[in-house]
Amino acid sequence: LEGDALGSELAFYGLLKKLGKHATIVNEDALPYGYDFLPGKENIKKFKNNLKKQLNFDCFVALDCSDLRRTGEVYRINTDAKPILNIDHHLSNQWFGDVNWVEPHASSCSEMIYKLYKKVRLPLDRDTAILLYVGILTDTGSFHYPNTTSFTHKAVSELLKYNLDIHQIYKNIYENIPFSDMKLLSKILPQIKRCVSGKIAWFQIGEGVLKNKKLSFDLTEHILGFARAIKDVEVVALFKENLGVKDQIRVNLRSQAKVDVNKIASFFGGGGHRTASGATVHGKIDQVRRKVLAKIRESLR
Ligand SMILES: [Mn+2]
């Protein structure tokens, strides 16, 4: 769960409200670090089993989710199998909805919700502009990933008319790292390894490194971004032993535009985008790492 998921769900919720509809936002995870400033965040309910009985709805909407399982336990509230609306921009989207609005060329789900505001001719407001801006900002890597288009900038140009404090928004999300996390980052960075003449850079983070510490999403992004900035690197891989679950490895992949890491992640049961993807793989960390690196090697040929 990150900026685009939060921005798009809150902006879509606002759109439904303006149309006089009742809606409830349910997330599996708590609000991640750094996103406390999002307007309307108090409308997000954390998933609980008893919500199944409390909620009564006609339509289940998934935003920024390639796969229903990516909602965690949340899809289980749809016990009466009500119609599913799937709004997403992942290349790996599974078309699980009864209605599927999937645009793999959109920079973000938030950009799609911006389009929806235009389509239904609803006026934007400052809070909505903040939410959509956050979603687009985070999913485009602050407007430098190849998914950034002329339309993306056109949308943002309109959002900025609402007097957004873009400096503060950036600070909240990216320059808000706790000192202890930065110290942890400085311990992980020297463990970087390369292979295939420096075309692959990878990190392996064992359970010991994170003993009693939670690696925040932002920290993962920083590690990946750091490695991707190295000369000649085409693909970055991060292997992390999931705290709590035995023999479960989280694999995060990033690439320059050349290699399609969505394909690699899909091979291992995950997915995502062409230049950013991930998978949760069962196995020992060394064994998983070897398999994934072999697959990346293949794709570099
Ligand atoms: Mn997204």
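Start at 1 and go down the list; that is how both ligands and their atoms are numbered. Fair warning: this is a prediction, and the values are worked out from it, not measured in the lab.
In this structure, the separation between OG on Ser186 and CG on Asp181 is 11.0 Å, given to the nearest 0.5 Å. In this structure, CD1 on Ile113 lies 11.5 Å from CG on Leu124, to the nearest 0.5 angstrom.
Rounded to 10°, the angle formed at the Mn ion (ligand 1) by Asp4 OD2 and His89 NE2 is 90°.
For the pair Lys291 and Phe268, the cation does not sit on the ring face, since its NZ or CZ is not both under 6.0 Å from the ring centre and inside 45° of the axis.
A 6.0 Å sphere centred on OH of Tyr162 holds more than 12 heavy atoms belonging to other residues, nucleotides or ligands.
Nearest to the Mn ion (ligand 1), among the N, O or S atoms that Asp64 has, is OD1.
Look at Asp139 and the Mn ion (ligand 1): an N/O/S atom of the residue is under 2.8 Å from the metal.
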